[in-house]
Amino acid sequence: MNELCGAIEAGGTKFVCAVGAGPGDLRDETRIETTTPPETLGRAIAFFRRRHAETPLAGIGIGSFGPADLDESSSTYGFITNTPKAGWAHVDFAGAVRRGLNLPVAFDTDVNAAATGEHRWGAARGLGTFVYLTIGTGIGGGAMAGGRLVHGMLHPEMGHMRVPHDRAADPFPGVCPVHGDCLEGLASGPAMERRWGQKAQALPESHAAWALEAEYLAQALANLVCVLSPQRIILGGGVMQQAWLLALIRQRLGTLLNGYIRAREIVERMDEYVVPPGLGSRSGILGALALVQDRLGSG
Ligand code: ADP
Ligand code: ZN
C-alpha cells in the first residue's frame, strides 16, 4: 500500500501542492504563486496542515527549483542555494516544511522528482538508467543511473551544457544570464520567443525554428547518450507539446550518432527511445510523492 502523503512541485512562478498516494489518487491539487519565501512556504504549510487535520499524512515530498543542496550530511541540506531568484537564495526550504508540519520530508530537484515519478509510474518503469529532460521556461535534466538518482557533487545541470553554436547560421546570442549560448540559452521557450519574436506555441510547423530547435536538442541528447548511456530519454516541458518536434529530434539524433552506438534501442527502436513523459504534465508532482514514499519505505 502506498501511504497518503503531501507533494510539492516548487517552481519559480508557482508551487503546485497536492496530497495523494499515486496516479489514481491525487487530490486537492492547489496552485500557490511563488512570491516571498515566508509567504509562499507559509501558504503551502497551511494547506498541508488543513489536509493533515482531516486525514493524517505520512510525509511531504518536495521537487524544487534550484540550485539546491541535496547532500544530507551538509548543514544546508534542503536549502535553495545560489539562485538568482530574488529573496530565495540560501532559504531553508525542506527545514521550514519539516518544522512547520512536524512530518518527514524528502527533498530533491524538480527534475529528479519528475524522473522518480516516471520511474515509478511512467515511461521509465523497469529501467535503471535513464534521463528526464524538460524543455520549458528553462531546460533541466534529472537522471537515474543503476536505479539511483544522480546527485554527484551538487546535482547535474544538464540545461547548461554546451552545444555547438554555428553563429553564421544562427547569430542569436542566447538568453542564459550566466552563459549566453548554453543549451538553455539557445533552446528554451524564452530563447525561441526572443529569437523569432513570437512565442514557441505560435510558430507553425513549417517555420525554420523547429529544425534549429531539433538540432540543439539532438546535440544535447547525443551528449547524454555518450556520457550516461541511458536506456531511454524522456522529453517533457511546454516546448515539447509541439508534436512534430519529437520526430525531428529522433531523426537528427540518429544522424548525429552516425551508427556508432550500436544498441537496438537506437538502431531499431528510436520511437521507444526518445519519448514523451508517461505521466504527461504530472511527472513532477507525482514524482515528489514518489520521493517521500521511497523515503518512508512505502513505495
Ligand atoms: P515551466 O518551464 O515554466 O514550468 P512550461 O514547461 O509550460 O513551464 O514551459 C513554458 C515555456 O514553454 C514557455 O516558453 C512557452 O512559450 C513554451 N510553451 C508552452 N506551451 C507550449 C506549446 N504548446 N508549444 C510550444 N511551446 C510551448
Ligand atoms: Zn546557462
Side-chain angles (χ1 to χ4, degrees), residues 7-18 29 31-35 40 62-68 81-85 88 109-115 117-118 132-142 154-165 172-214 216-217 219-220 223 234-249 276-277 279-288:
I8 305 177
E9 184 183 15
T13 56
K14 66 176 188 301
F15 276 35
V16 180
C17 300
E29 197 168 310
R31 273 147 219 277
I32 296 168
E33 191 195 341
T34 310
T35 56
T40 315
I62 302 171
S64 177
F65 71 94
T81 57
N82 58 326
T83 180
K85 188 162 174 57
W88 282 87
T109 61
D110 44 8
V111 279
N112 268 346
E118 288 294 319
Y132 173 93
L133 199 70
T134 179
I135 299 100
T137 306
I139 297 182
L154 298 170
H155 48 72
E157 287 282 5
M158 298 182 200
H160 298 275
M161 77 170 86
R162 300 298 185 144
V163 291
H165 178 199
F172 182 66
V175 296
C176 176
V178 187
H179 311 110
D181 62 350
C182 64
L183 178 64
E184 180 172 295
L186 291 172
S188 61
M192 295 190 80
E193 184 174 346
R194 184 88 65 84
R195 182 191 285 108
W196 302 109
Q198 48 193 323
K199 287 193 181 300
Q201 52 268 51
L203 295 164
E205 184 175 357
S206 58
H207 198 288
W210 296 108
L212 188 65
E213 183 69 5
Y216 291 133
L217 293 173
Q219 293 280 4
N223 293 341
I234 302 170
L235 297 180
V239 174
M240 290 309 303
Q241 286 179 43
Q242 298 303 337
W244 54 79
L245 182 56
L246 197 57
L248 292 175
I249 294 168
L279 300 175
S281 59
R282 300 199 304 161
S283 321
I285 189 73
L286 284 167

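One-based numbering, in listed order, for ligands and for the atoms of each. No hydrogens, no waters, no symmetry mates; every other heavy atom, side chains included, goes into these values. In this chain, residues are counted from 1 in sequence order.
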Measuring only between side-chain heavy atoms, which start at C-beta, is [X] closer than 4.5 Å to [Y]?
X	Y	value
E213	I249	no
M158	I139	no
P67	E157	yes

_For atom 19 (C) of ligand 1, the option (of S188, G189, G238) bearing the nearest heavy atom_ = G238

*asked:* Report the atom name of the nearest N/O/S atom of H179 relative to the Zn ion (ligand 2).
replied: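 The Zn ion (ligand 2) is closest to the H179 atom ND1, counting only N, O or S.
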
_Nearest to the Zn ion (ligand 2) - the N/O/S atom of H160, by atom name_ =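 H160's closest N, O or S atom to the Zn ion (ligand 2) is named ND1.
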
*Is it the side chain (CB and beyond), the backbone, both or neither of Q241 that lies under 4.0 Å from ligand 1, heavy atoms counted?*
side chain

*asked:* Any atom of ligand 1 sitting under 4.0 Å from a heavy atom of V239?
replied: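 It does; at least one heavy atom falls under 4.0 Å.
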
_So for Q242, does at least one of its heavy atoms come nearer than 4.0 angstrom to any atom of ligand 1?_
yes

Can you check whether [Y]'s main-chain N or O pairs, donor with acceptor, with [X]'s side chain at less than 3.5 Å?
X	Y	answer
E118	L279	yes
H179	G185	no
H165	F172	yes
R195	A187	no

_Within ligand 1, which atoms have a heavy atom of G237 less than 4.0 Å away?_
6 (O)

*Against heavy atoms of P190, which atoms of ligand 1 measure under 4.0 Å?*
14 (O)

*Heavy atom of protein closer than 4.0 angstrom to atom 4 (O) of ligand 1*: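 Answer no: nothing from the protein, no heavy atom, is under 4.0 Å.
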
Any N or O of [X] that comes nearer than 3.5 Å to an N or O of ligand 1?
X	result
T137	yes
T134	no
K199	no

_Residue pair T13 / T34, side-chain donor-acceptor N/O under 3.5 Å_ =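 No pair is found: no donor N or O on one side chain lies under 3.5 Å from an acceptor on the other.
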
*Of all the non-hydrogen atoms in the protein, which one sits nearest to atom 9 (O) of ligand 1, and at what distance?*
G136 CA, 3.2 Å

*Considering only the protein, which heavy-atom contact is closest to atom 18 (N) of ligand 1, and what is its distance?*
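Sorting protein heavy atoms by distance from atom 18 (N) of ligand 1 puts Q201 OE1, 3.5 Å first.
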
*asked:* Over 60° means perpendicular and under 30° means parallel, so tell me whether F15 and W88 are parallel, tilted or perpendicular.
replied: tilted

